[in-house]
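Heads up, the thing below is written out as structure tokens.
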Number of protein chains: 2
Amino acid sequence: MRVIDIIRAKRDGRALTRAEIAWFIRGATEGTIPDYQSAALLMAIVLRGMTVDETAWLTSAMVESGARVDLSALPGVKVDKHSTGGVGDKASLVIAPLAAACGAIVPMMSGRGLGHTGGTLDKLEAIPGFRTALSLDEFQHMLAEIGCSLIGQTAEIAPADKKLYALRDVTGTVESVHLISASIMSKKIAEGIGALVLDVKAGSGAFMKTTAEARALAESLVRLGSAAGIRTEAFITAMEQPLGRAIGNALEVIESVETLKGRGPADLEELSVCLAARMVCLAGVASDEHAAVASVRAALASGAALEKLREIVRWQGGDPDVIDDYSRLPAAPHRHALGAARRGFVTRLDAELLGRASMTLGAGRDRADAAIDPAVGIVLHVTIGDRVEAGAAMLELHYADEARLSKALRLVDQALVIGDAPLPAERLVRGEVA
Amino acid sequence: MRVIDIIRAKRDGRALTRAEIAWFIRGATEGTIPDYQSAALLMAIVLRGMTVDETAWLTSAMVESGARVDLSALPGVKVDKHSTGGVGDKASLVIAPLAAACGAIVPMMSGRGLGHTGGTLDKLEAIPGFRTALSLDEFQHMLAEIGCSLIGQTAEIAPADKKLYALRDVTGTVESVHLISASIMSKKIAEGIGALVLDVKAGSGAFMKTTAEARALAESLVRLGSAAGIRTEAFITAMEQPLGRAIGNALEVIESVETLKGRGPADLEELSVCLAARMVCLAGVASDEHAAVASVRAALASGAALEKLREIVRWQGGDPDVIDDYSRLPAAPHRHALGAARRGFVTRLDAELLGRASMTLGAGRDRADAAIDPAVGIVLHVTIGDRVEAGAAMLELHYADEARLSKALRLVDQALVIGDAPLPAERLVRGEVA
């Protein structure tokens, strides 16, 4: 087999065989195929696409490039949730303890933020002492003990994806529903789960800007999960404005804890209950959707989910007292409040621009190896549809550096629009794929 | 400027700016842009195309990556001929001395063979002692003295093209009319000529399989040449069967010399006279096409062109006596004659397959760094349309190695077709672009 023939075949729009894809993934991972040849093939895939079969073969080849965690010693169906990424999306911090408190086993491997979107690992690490780099042994031990573990992708999991993603990131080849699907699902299949709930974001702050694009990705993901024997269901949810009110790592930890205390913003609570209930259903610990929602609501109301989060934080080396005392979390030295420029209705709180503003403050990174500041971020006081008076508090920027603040304010200015009439309310959940 | 933005722009089908192209070519040549990013951009260019402006900017950026030879000290318009490559295409060896014998100054920089197509440098180097790696100083000196020099591309000429071509060769990104045009024309513009005649081949043995594809390439090349102030005209010529009767380096030298002695095959003589006459016209040493053809025919009939070739060979260190004594050229130890399988008319002598057969014997290379055998090759005894009796001699393979012979014979078998009726004669020159 020659890589040049594989590149030419894809360039000319032909489908690759299972053997060709497996051979390429092996060579790219082991380094026998140079990056320039992989990059050419990846660009050809972005522009020519892949069939359903090719995407499935690519996914299995990436799974097979590493270890597949064996969680069969633990009872029942192990269930994870994955979000395709948004702004202010701290739902994993709420959902994982919620589902675990209901009796589901939740082995959750998450990622870091890149660009305007945040990452669960960065949020967790805002908690002093919290370790996300657990070994697979610790991961399995923790799942057996408390039913949940929130860690990063280990080196054993889909190394081919790790290698290819780094290359895609610098060669303009991230944007392919096929490559994105294979990347997400290879890691999920390798982590040893039996069920998966996907939150595919659609809108300004999401990777997929339209519901139709998000649906195509959701269908591809569900197809790949099902083909690998994982009960996979997807929700398509709105990401026009940030989820909840907080953007920035420590700020999002606080909002997640508040939500587990029953005092969170409505959208975050609604989404968390919806996704956690579906996880509980798929894990088989509730008999039907109705019972699952009841069980999740009870875990929220009783404080059981909050206690589960405390257990997780303690187990992973974090300071569990942050849950009662937010002053133990890093805080930014300065705040800057922004008032409404005029009277009217909030018609836009652009998620991407607010995400970029938060990144500019230091909460996110534009390169995979950049450092972040866990304390900085943005807290919104309004949501789309709210009526505001001129000068009323719209949002507050938590910052450390004046130069970054002024850059962030330019983005925030573009993100906020006040109109004369309220927009019709948008639904948070736009669709489902099962 | 960031290369990732340039890659994304082209991936999404946007035209690049002159500044972006110049910046990319500088970075790719100096090595500040890694090959994997260049490869991704090249694949995006292959699949998304380039505008006329982009192709012109790419061409000038590649010219500016190196030196531009200054031949202004020599009188008159300097004229070159370039062929896009075919099988048995030894026309440069005939045309350069023909045009020079008529008074044109011919600074010809040629390439090596790759794949099934041959290269002028390989043919010249079949002459014992012949040096093609002259310095630019020697090149200019020789032009001043005898009006012609046949050399390889020097390191000073379009280094960006050298670098990018090596990458394109291994990343499936050769096949783009825009990239091919810029590659050819950057070298021609840098060599310091004022006029250029292009022979764009169309057919089985050519890079462009159809006349329409060849015409698109010819138009692109003529446009780029004219934009750079070079009088550029192109012929589109047939490459379904090999040009002339000989394929293989020493064998093609013999056929070229025979043609200059007035004993060459009709197609090679016709093409050589046609292209040389156009060169003589564009160089301004003949008043019109009619006078140019007469001048070229006279240089052929008088032996002046043959003497010009002898001068070139002597000047470049080759053994000039090969012209009178072909036994001084390398010869293969064995010959294998192939007879017609049946009576009928030759309807196919597939140029690509015969080129691959010759390469298999050792006359060509499948990798840029492979060694070749100057002695081996194929001599055809027939041409398309010829009537043959069963068993009549069709062709002869000159070989050194039995294993290579049997592989080559399998290709030759596919290349030859004898039918019941003659095909209508095809014209050698299919069109012109000026």
Side-chain angles (χ1 to χ4, degrees), chain A residues 1-14 16 20 24 27-29 31-50 114-115 163-180 207 209 213 356 365-370, chain B residues 1-14 16 20 24 27-29 31-50 114-115 163-180 207-209 213 365-370:
Chain A
M1 228 172 265
R2 300 193 317 161
V3 65
I4 186 84
D5 297 326
I6 296 176
I7 297 170
R8 285 189 186 131
K10 182 48 69 184
R11 176 198 70 195
D12 297 342
R14 294 203 294 278
L16 304 179
E20 285 171 331
F24 165 70
T29 314
T32 53
I33 294 173
D35 284 349
Y36 51 79
Q37 290 184 316
S38 300
L41 179 58
L42 289 168
M43 183 58 82
I45 291 172
V46 168
L47 291 175
R48 290 297 202 173
M50 285 186 122
L114 189 61
K163 164 104 184 150
L164 281 192
Y165 192 86
L167 188 58
R168 287 168 58 206
D169 191 37
V170 293
T171 53
T173 52
V174 167
E175 291 83 352
S176 150
V177 71
H178 312 287
L179 296 176
I180 294 170
F207 190 77
K209 300 299 177 195
E213 288 172 318
R356 282 171 53 198
R365 53 176 79 79
D366 54 0
R367 294 193 329 274
D369 57 347
Chain B
M1 228 173 262
R2 300 193 318 162
V3 65
I4 185 86
D5 297 326
I6 295 176
I7 298 170
R8 284 189 186 130
K10 183 46 69 185
R11 176 198 70 195
D12 296 343
R14 294 202 294 277
L16 304 180
E20 285 172 331
F24 166 70
T29 313
T32 54
I33 294 173
D35 283 350
Y36 51 79
Q37 290 184 315
S38 299
L41 180 57
L42 289 168
M43 182 58 82
I45 290 172
V46 168
L47 292 175
R48 292 295 202 174
M50 285 187 125
L114 189 60
K163 165 102 185 151
L164 281 192
Y165 192 86
L167 187 59
R168 286 168 59 207
D169 190 38
V170 293
T171 54
T173 51
V174 168
E175 291 83 350
S176 150
V177 71
H178 314 287
L179 295 177
I180 294 169
F207 191 75
M208 299 294 170
K209 301 299 178 195
E213 287 172 318
R365 52 176 79 79
D366 53 0
R367 294 190 332 272
D369 57 348

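All chains are named by letter (A, B, ...) in the order of the sequence lines, taking the proteins before the strands, and each is independently numbered beginning at 1.
- Heavy atoms of A:R11 lying under 4.5 Å from chain B belong to its backbone as well as its side chain.
- Side chain of A:K10 to backbone of A:D5: no donor-acceptor contact under 3.5 angstrom is found.
- For A:V170, the parts lying under 4.5 angstrom from a heavy atom of chain B are both the backbone and the side chain.
- Under a 4.0 Å N-O distance rule, the pair A:K163/A:D35 qualifies as a salt bridge.
- Heavy atoms of B:L167 lying under 4.5 Å from chain A belong exclusively to its side chain.
- B:D12 does not touch chain A: none of its heavy atoms, backbone or side chain, sits under 4.5 Å away.
- To the nearest 0.5 angstrom, B:R2 atom CZ is 12.5 Å from B:I33 atom CD1.
- If you take OG1 on B:T171 and OH on B:Y36, they are separated by 15.5 Å, rounding to the nearest 0.5 Å.
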